[in-house]
Amino acid sequence: MYDKQLQFDKRYLEMARVWAKNSYCKRRQVGALLVKDKMIISDGYNGTPSGFENVCEDESGSTKPYVLHAEANAITKVARSNNSSDGATLYVTTSPCIECAKLIIQAGIKRVVYFDNYRIEDGLILLKKAGIEICYLEI
């Protein structure tokens, strides 16, 4: 069973990596998939809110403060659907920041799988404190 789950985890992470390519951000492109009962129930990538220009960085190259992270986009997208993220697994290309970790906890997501570490680990620390399973995979 574990080998089969590992195969699924790697495939979903690869899909999240492909999805990240939809991002217009230049500094970092991040993709996320929410999976529940072996079905993708939501997806997201980092970018500006709907209706804004697709420019993530300002003139100095800094990320604009209103850019949404991939996890936030996936979670808010599922909130607008008939699906529930309760008990789901989040596949994300980069480990979550503290703000996304709070959203993950509140959304009822039980597992987070990622392959690239964010420079600050406070999001992972909070997820562990909340009892959410965290899985780092090299792909």
Side-chain angles (χ1 to χ4, degrees):
M1 179 65 174
Y2 176 75
D3 288 337
K4 190 166 186 110
Q5 183 61 56
L6 182 61
Q7 288 177 343
F8 278 116
D9 288 347
K10 287 182 177 182
R11 287 186 184 126
Y12 284 127
L13 271 182
E14 283 292 342
M15 292 171 73
R17 186 192 315 220
V18 170
W19 203 244
K21 294 177 183 179
N22 288 317
S23 172
Y24 287 88
C25 296
K26 295 177 183 168
R27 291 182 66 205
R28 178 185 297 241
Q29 293 181 318
V30 181
L33 294 178
L34 265 173
V35 176
K36 185 174 177 180
D37 301 325
K38 297 181 183 174
M39 292 187 313
I40 297 170
I41 59 169
S42 189
D43 54 58
Y45 51 88
N46 56 325
T48 56
S50 298
F52 283 67
E53 74 288 348
N54 289 321
V55 179
C56 298
E57 293 83 10
D58 60 21
E59 303 79 31
S60 67
S62 297
T63 301
K64 293 179 179 178
Y66 53 85
V67 168
L68 291 160
H69 289 188
E71 305 94 317
N73 268 325
I75 290 167
T76 55
K77 188 174 180 180
V78 79
R80 293 179 70 179
S81 74
N82 291 329
N83 288 313
S84 167
S85 57
D86 195 38
T89 296
L90 175 69
Y91 294 90
V92 62
T93 56
T94 303
S95 60
C97 70
I98 190 85
E99 294 302 317
C100 288
K102 291 188 269 186
L103 292 174
I104 291 165
I105 294 164
Q106 289 301 97
I109 294 166
K110 296 299 180 204
R111 190 165 175 262
V112 175
V113 182
Y114 70 99
F115 69 83
D116 188 24
N117 283 306
Y118 185 58
R119 60 184 167 81
I120 303 169
E121 294 186 6
D122 54 0
L124 291 175
I125 293 167
L126 183 62
L127 292 174
K128 287 177 188 172
K129 188 174 184 178
I132 292 173
E133 181 185 345
I134 299 167
C135 183
Y136 168 79
L137 289 181
E138 291 184 13
I139 62 167

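The figures that follow rest on heavy atoms only: side chains count, while hydrogens, waters and symmetry mates do not. Every value quoted in this text rests on a predicted model; they were computed, and no experiment measured them.
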Less than 4.5 Å apart, any side-chain heavy atom of [X] and any of [Y]?
X: S23; Y: V30; result: no
X: I104; Y: P96; result: yes
X: T76; Y: L103; result: no
X: K64; Y: F52; result: no
X: T93; Y: D116; result: no
X: N46; Y: N73; result: no
X: M15; Y: I40; result: yes
X: I109; Y: E71; result: no

Rounded distance (nearest 0.5 Å) linking atom [atom1] of [X] with atom [atom2] of [Y]:
X: C135; Y: L13; atom1: SG; atom2: CG; answer: 8.0 Å
X: Y24; Y: T48; atom1: OH; atom2: OG1; answer: 9.0 Å
X: D86; Y: K110; atom1: CG; atom2: NZ; answer: 6.0 Å
X: K77; Y: N83; atom1: NZ; atom2: CG; answer: 11.0 Å
X: R80; Y: S42; atom1: CZ; atom2: OG; answer: 11.0 Å
X: R111; Y: K36; atom1: CZ; atom2: NZ; answer: 15.0 Å

request  = For residues Y114 and Y136, establish whether the separation of their ring centroids is below 6.0 Å.
outcome  = yes

inquiry  = Side chains of Y91 and D9: any donor to acceptor distance under 3.5 Å?
reply    = yes

Joint cluster assignment, [X] & [Y], ILVMFWY side-chain distance < 4.5 Å:
X: W19; Y: V92; result: no
X: L33; Y: I75; result: no
X: L126; Y: I132; result: yes
X: V112; Y: F115; result: no
X: I134; Y: I98; result: yes

ask   = Testing R28, K26, R27, E57 for side chain to side chain donor-acceptor pair (under 3.5 Å) with T63, which one passes?
value = R27

[X] atom [atom1], neighbour heavy-atom count above 12 within 6.0 Å:
X: E53; atom1: CD; result: yes
X: E14; atom1: CD; result: yes
X: K10; atom1: NZ; result: no

For [X] against [Y], the heavy-atom pair lying closest together:
X: I41; Y: S85; value: CD1-CA, 4.1 Å
X: A101; Y: G123; value: CB-O, 3.5 Å
X: A32; Y: A74; value: CB-CB, 4.3 Å
X: P49; Y: Y66; value: CD-O, 3.5 Å

query = Between D58 (side chain) and S60 (backbone), is there a donor-acceptor pair under 3.5 Å?
reply = yes

